[in-house]
Amino acid sequence: MTLEQLLEMWKTDSEIDRYKLDETSLNTPKLHSKYLEILSIAKLQKKKAEHSQKRLLKKKWLYYNGKLTKDDIEELGWEYDPFQGLKVLKGEMEYYYNSDIDIQKSEEKCEYHKVFVETVTEIVTNLNWRHQTVGNIIRWRQFEAGG
């Protein structure tokens, strides 16, 4: 599931019909279960992406420090000389790490999973407090009716 799909689904699920508050209250546990399942899966996917990034960073460190064999480099599909003949100082290595496309893609993936988990967490928190919203609507109606 993408973040866009999640947000679109939440747009529908977050609606509270003012005239069917009983149904809203009855459906809240189902929605909570639905989004809790999504959250659990998302957390596992986030952790998997983080582990994948750590493995990539180790390979890239070995690559940039000349510790991979030519066969390993060919297997990974990377250029044999990451510096294209330049002599690089230790202090300049961060520039190469930060501009490496594979590392950037991995960081983007991790950030995407992080935002996804944060979004589902917010949805679950909203569902945890939905009874308050329903209660507030009922109290407001009572107030408007003069009671």
Side-chain angles (χ1 to χ4, degrees), residues 1-69 71-80 82-83 88 90-147:
M1 171 180 296
T2 66
L3 182 60
E4 291 80 12
Q5 291 170 327
L6 173 73
L7 293 171
E8 196 60 39
M9 189 168 52
W10 179 239
K11 278 182 188 176
T12 304
D13 290 342
S14 66
E15 291 181 15
I16 296 176
D17 188 335
R18 304 171 27 152
Y19 303 105
K20 296 180 182 176
L21 296 177
D22 56 336
E23 285 182 28
T24 297
S25 290
L26 291 171
N27 286 333
T28 298
K30 291 177 191 172
L31 289 175
H32 187 272
S33 174
K34 174 182 173 178
Y35 286 98
L36 190 60
E37 181 180 348
I38 293 170
L39 178 60
S40 299
I41 291 167
K43 283 182 176 181
L44 292 173
Q45 290 173 336
K46 177 180 173 265
K47 187 56 82 173
K48 185 177 179 181
E50 289 169 348
H51 286 225
S52 178
Q53 183 181 26
K54 287 178 183 179
R55 288 189 301 273
L56 175 66
L57 289 173
K58 179 184 176 189
K59 285 180 187 174
K60 287 293 184 170
W61 183 88
L62 292 169
Y63 173 62
Y64 284 115
N65 286 286
K67 298 181 187 280
L68 285 181
T69 65
D71 291 339
D72 290 337
I73 294 170
E74 286 176 7
E75 185 180 314
L76 292 166
W78 297 341
E79 293 180 28
Y80 183 68
F83 306 113
V88 178
K90 216 175 198 179
E92 298 172 330
M93 291 300 288
E94 197 68 26
Y95 168 78
Y96 286 91
Y97 292 131
N98 289 338
S99 63
D100 187 284
I101 291 174
D102 296 326
I103 293 174
Q104 288 176 347
K105 285 179 184 176
S106 180
E107 287 174 352
E108 287 171 7
K109 186 176 181 180
C110 287
E111 186 63 24
Y112 184 87
H113 285 290
K114 178 183 169 197
V115 170
F116 193 95
V117 166
E118 289 171 354
T119 303
V120 183
T121 300
E122 284 294 319
I123 291 170
V124 170
T125 300
N126 184 285
L127 288 167
N128 286 338
W129 289 96
R130 194 170 230 192
H131 67 284
Q132 284 293 116
T133 304
V134 171
N136 288 341
I137 293 170
I138 292 169
R139 282 189 288 285
W140 182 251
R141 280 196 190 155
Q142 288 172 338
F143 174 75
E144 286 182 321

Do Leu68 and Trp78 have side chains that approach each other closer than 4.5 Å (heavy atoms only, starting at C-beta)?
yes

Please tell me if the side chains of Met9 and Ile38 come closer than 4.5 Å, counting only heavy atoms from C-beta onward.
yes

[atom1] of [X] to [atom2] of [Y]: how many Å apart, nearest 0.5 Å?
| X | Y | atom1 | atom2 | value |
| --- | --- | --- | --- | --- |
| Trp10 | Glu15 | CH2 | CD | 10.5 Å |
| Leu26 | Lys20 | CG | NZ | 12.5 Å |
| Leu7 | Met1 | CG | CE | 10.5 Å |
| Leu36 | Ile41 | CG | CD1 | 10.0 Å |
| Asn98 | Glu94 | CG | CD | 4.5 Å |
| Leu76 | Asp71 | CG | CG | 11.0 Å |

Mind checking what makes side chain to side chain contact (heavy atoms under 4.5 Å, CB included) contact with [X], not counting sequence neighbours?
| X | value |
| --- | --- |
| Thr2 | Glu4, Gln5, Tyr112 |
| Glu75 | none |
| Thr133 | Ile16, Ile137 |
| Ser99 | Tyr95 |

For Gln142, the side chain to side chain donor-acceptor pair (under 3.5 Å) test, sequence neighbours excluded, returns none

Salt bridge (charged side-chain N to carboxylate O under 4.0 Å, His left out) partners of residues 98-117, not counting sequence neighbours, each pair once:
Lys60-Asp100, Lys60-Asp102

Judged by atom type as modelled, is there a donor-acceptor pair below 3.5 Å linking the side chain of Arg130 to the main-chain atoms of Ser14?
yes

Taking every heavy atom of Cys110 against every heavy atom of Ala49, the minimum-distance pair comes out as SG-O, 3.5 Å

Please identify each residue that fulfils ring-ring contact (aromatic ring centres under 6.0 Å, His included) with [X], with sequence neighbours left out.
| X | value |
| --- | --- |
| Phe143 | Trp140 |
| Trp61 | none |
| Tyr96 | Phe83 |

Applying salt bridge (Lys or Arg N to Asp or Glu O under 4.0 Å), can you list everything that pairs with Lys11, at least two apart in sequence or on another chain?
Glu8

Going by side chain to side chain donor-acceptor pair (under 3.5 Å), name the pairs with one or both residues in residues 35-58, residues two or more places apart or in two chains.
Asp13-Tyr35, Lys46-Glu50

Listing, residues 115-126 side-chain donor-acceptor contacts under 3.5 Å, not counting sequence neighbours, or none:
from, atom 1, to, atom 2, distance (Å)
Thr119, OG1, Val115, O, 2.8
Thr121, OG1, Val117, O, 2.7
Thr125, OG1, Thr121, O, 2.9

